[in-house]
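Note sheet for the following structure.
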Amino acid sequence: TNLARSCWFAGSQSFSAACPAAQSSTNWRGYAWTALTGNGKGGGFSGGRTCTHTHNQANPWWRVDLQQTVNVSRVQLWNRLDCCTSRLNGFEVWVTDDSAVDFTNASLHRCYVHTGSTTTTVDSPLYVPCGLSGRYVWVRLPRTTTLHICEFEVYDDSTESNNCRADAECVNSE
């Protein structure tokens, strides 16, 4: 089950809706929630506006609030297919229990740094092994650029090993 699309809301006592998302800024109507609709796997931004989009800024970020602390075994994300795939180069994934994070303490909360290609296809997302627990899952770019994510999924695969792909530096993975 994709935890980012089946959030626990205490009032409804169910996992029924997409989790709340936020980002450092919004440009071109690329709202944070668009990464959680299930519609962005084949996406592009210009056609259907199925991706998030920040302003060109220093250290842009995007996060999802899972509403409770969970084990984040892996994350899958889809980049734009229409253009600009290199904007996601060097992305980091962080997992925290706080809605604000100090991005200088990588040893505590950063579970992944991507060093390879950021090209995705409909059937081939970027696979991010993690192995940390937390309520918030963040994607961050540690430079001045625009951040966009077309689809984002979070999984707790308790029996799956977190082996790293050859094109990624894995931090805190087993």
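All values below come from the heavy atoms of this structure, side chains included, with hydrogens, waters and symmetry mates left out.
- Side chains of N89 and T118: a donor on one and an acceptor on the other come within 3.5 Å.
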- request: Give the C-alpha distance, both sets of side-chain angles, the deciding distance and a yes or no for side chain to side chain donor-acceptor pair (under 3.5 Å) between N27 and S25.
  value: CA-CA 7 Å; N27 197 12; S25 65; over 6 Å; no

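- Taking the ring-ring contact (aromatic ring centres under 6.0 Å, His included) definition, one finds that W61 meets it with W138, sequence neighbours left out.
- Contact detail for S24 and P60: the closest heavy-atom pair is OG-CA, 3.4 Å.
- Partner of F152 under the ring-ring contact (aromatic ring centres under 6.0 Å, His included) criterion, chosen from W62, W78, F91, W33: W62.
- Side-chain N/O atoms of D97 and T69 include a donor and acceptor closer than 3.5 Å.
- With ring centers used as reference points, W94 lies 6.0 Å or more from Y112.
- Looking only at distances, a side-chain donor or acceptor of T34 sits under 3.5 Å from a matching main-chain atom of T52.
- No hydrogens or angles considered: nothing links the side chains of Q57 and T144 as a donor-acceptor pair under 3.5 Å.
- Closest approach of Q23 and G30 over heavy atoms only: NE2-O, 2.8 Å.
- Considering CZ of R63 and OG of S99, their distance stands at 5.0 Å, rounded to 0.5 Å.
- Nearest heavy-atom pair across T146 and R87 is O-CB, 3.6 Å.
- The CG atom of L126 sits 7.5 Å away from the OG atom of S117 when rounded to the nearest 0.5 Å.
- Residues V70 and L77 are members of one and the same hydrophobic cluster, defined by side-chain heavy-atom contacts under 4.5 angstrom among Ile, Leu, Val, Met, Phe, Trp and Tyr.
- The two residues V64 and V154 make their nearest non-hydrogen contact at CG1-CG2, 4.4 Å.
- Atom SG of C51 is separated from atom CD1 of I149 by 9.5 Å, given to the nearest 0.5 angstrom.
- Residues L132 and H109 share a closest heavy-atom pair of CD1-O, 3.5 Å.
- The NE2 atom of H148 sits 7.5 Å away from the OG1 atom of T145 when rounded to the nearest 0.5 Å.
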(Q) Would T54 and T26 count as a side chain to side chain contact (heavy atoms under 4.5 Å, CB included) here? Give the steps. (A) CA-CA 5 Å; T54 67; T26 300; over 6 Å; no

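- Considering OG of S133 and CG of L66, their distance stands at 11.0 Å, rounded to 0.5 Å.
- Within the model, atoms NE2 of H53 and SG of C150 stand 9.5 Å from one another, a figure rounded to the nearest 0.5 Å.
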* Asked: side chain to side chain donor-acceptor pair (under 3.5 Å) between Q67 and D65: does it pass, once the steps are laid out?
  -> CA-CA 5 Å; Q67 301 292 300; D65 177 357; 3.1 Å; yes

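- In this structure a side-chain-to-backbone donor-acceptor pair under 3.5 Å is missing from D156 to V72.
- The cationic group of R140 lies under 6.0 Å from the six-membered ring centre of F103 and within 45° of the ring axis, placing it in a cation-pi geometry.
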For V93 and V137, run side chain to side chain contact (heavy atoms under 4.5 Å, CB included): C-alpha distance rounded to whole Å, both residues' side-chain angles, the deciding distance at 0.1 Å, then the answer.
CA-CA 7 Å; V93 175; V137 182; 4.0 Å; yes

